[in-house]
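What follows is a single structure, written as structure tokens, with notes after it.
Counting starts at 1 for both ligands and their atoms, in listed order.
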Amino acid sequence: MNAAAPIGIFDSGYGGLTVFKAISDRLPAYSYIYLGDNARSPYGDHSFDTIYKYTLECVEWLFAQGCELVILACNTASAKALRTIQQKDLPKKYLNRRVLGVIRPTAEVIGNFTRTNKVGVMGTRGTINSQSYLLEIKKFFPHIKVFQQSCPMWVPLIENNEHLLPGADFFIQVYCEQLLLQSGDIDCVLLACTHYPLLMPKLKHAFPDYIKILSQGEIVADSLSDYLERHPELENRLSKGGEKQFYTSGDPKTFDEHASIFFGAVLRSKSM
Ligand code: DGL
């Protein structure tokens, strides 16, 4: 076994920490390296080429740290970069390494949370415009109708820690209303951005009680657990020291100040 083969977890910034928290709670024995590309976030409005380039650079950096498996804990990167990395870069340069995203595991189970078969998906412009959720959900639940809403102001509000202030209410309300105007029968809203769970207290007020608001952390953690059981050849190579390391492309001091609200614990990061 490679003594230094942690699982890499990547996000454009802080949001992936909500997924990392769920993964490390569910699978505490493994070692992990988290990388936030804070210097270049948010990714949501960047072009396909830029998101692919940034994501690949970060994945390759995690590979260079010994990661055999990297989770893109970012919907935008999963929507725009994952397929090219899986189909082009891994076969060419990294035959034995794996990169997984957050969209497919979510699409696989979303049908369990709706009775009306009308689901709302809220995400960044990049995720929504990619149509990835429409396509993926259709594969598993062709009878479900998906209504999409991009929420371009939410990541900047959250990254700047302004999201729980009264001034944020307008932008929270407006996207929720726009989604519900598309259909009055939506009974499940997916937070298809790993930053959005931080808005949960405000979203619970913004949506009627009968709407289930779904975040991805536990879904992705369950799916990863299942994946590792099905891939013992990869699982055997992963180091199991229970360590967690945090890296940022931005300023570690700033990262540490913000990161705890996403991760639910104080942490100390280093420059990548
Ligand atoms: N957490 C990322 C996601 O899940 C945020 C994207 C961004 O940087 O705009 O989409």
Side-chain angles (χ1 to χ4, degrees), residues 8-23 34-59 70-83 85 99-107 110 120-134 136 148-163 168 171-172 175 189-200 203 213-221 223-224 246-250 254-255 258-259 261-264:
I9 313 268
F10 165 73
D11 182 48
S12 60
Y14 301 105
L17 291 165
T18 62
V19 173
F20 182 21
K21 172 82 172 80
I23 289 177
Y34 182 89
L35 174 61
D37 192 9
N38 299 77
R40 304 187 291 195
S41 75
Y43 279 13
D45 286 336
H46 290 325
S47 70
F48 176 95
D49 286 345
T50 302
I51 293 170
Y52 164 62
K53 177 178 177 291
Y54 288 176
T55 304
L56 180 61
E57 283 170 11
C58 290
V59 166
V70 172
I71 312 297
L72 303 184
C74 174
N75 287 271
T76 312
S78 299
K80 299 275 194 170
L82 179 63
R83 185 187 294 249
I85 291 175
V99 180
L100 305 174
V102 291
I103 295 179
R104 192 185 170 102
T106 310
I110 198 153
V121 172
M122 307 186 93
T124 65
R125 272 202 194 106
T127 299
I128 297 305
N129 291 346
S130 76
Q131 312 278 328
S132 298
Y133 274 99
L134 290 180
E136 287 295 322
Q148 300 199 98
Q149 181 63 49
S150 66
C151 314
M153 287 301 291
W154 284 4
V155 169
L157 282 169
I158 295 166
E159 291 265 312
N160 289 293
N161 206 10
E162 305 272 347
H163 56 288
F171 289 107
I172 290 169
Y175 299 138
V189 170
L190 169 67
L191 305 184
C193 171
T194 55
H195 283 68
Y196 296 175
L198 270 79
L199 298 176
M200 198 57 101
L203 292 173
I213 307 169
L214 203 59
S215 52
Q216 295 174 291
E218 282 167 21
I219 293 172
V220 174
S223 167
L224 177 58
F246 299 87
Y247 286 87
T248 174
S249 61
T254 311
F255 184 88
H258 286 311
I261 58 168
F262 293 81
F263 195 64

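When heavy-atom distances to ligand 1 are checked against a 4.0 Å cut-off, D11 comes that close only through its side chain, counted from C-beta outward. If you look at T194 next to ligand 1, the close heavy atoms, those under 4.0 Å, come from the backbone and the side chain alike. By the criterion of a heavy-atom distance under 4.0 Å, both the backbone and the side chain of C74 are placed next to ligand 1.
Backbone and side-chain nitrogen or oxygen atoms of H195 are examined, and one is located within less than 3.5 angstrom of a nitrogen or oxygen of ligand 1. The shortest N or O to N or O distance between G44 and ligand 1 is below 3.5 Å.
For atom 3 (C) of ligand 1, the closest heavy atom belonging to the protein is N75 N, 3.3 Å. Protein heavy atom in closest approach to atom 6 (C) of ligand 1: T76 OG1, 3.3 Å.
Among all heavy-atom pairs drawn from A81 and I51, the shortest one is CB-O, 4.2 Å.
Note: Y54 and H46 meet the aromatic proximity criterion, with ring centroids under 6.0 Å apart.
With hydrogens and angles ignored, the 3.5 Å screen pairs no side-chain donor or acceptor of S223 with any backbone N or O of I219.
Residue S12 approaches ligand 1 through these ligand atoms, each under 4.0 Å from one of its heavy atoms: 5 (C), 6 (C), 7 (C), 8 (O). Close contacts between ligand 1 and Y43 involve ligand atoms 7 (C), 8 (O), 9 (O) [criterion: under 4.0 Å to a heavy atom]. For ligand 1, the atoms lying closer than 4.0 Å to a non-hydrogen atom of T124 are 6 (C), 9 (O), 10 (O).
Ring orientation note: the planes of F246 and F263 are nearly perpendicular, at an angle over 60° on the 30°/60° scale. Using a 30° and 60° split on the angle between ring planes, Y34 and F255 fall in the tilted class, from 30° to 60°.
A salt bridge links R40 with E57; the closest basic N to acidic carboxylate O contact falls under 4.0 Å.
S132 pairs with exactly one of L82, T76, T127, I103 by the side-chain contact (heavy atoms from CB on, under 4.5 Å) rule, that one being I103.
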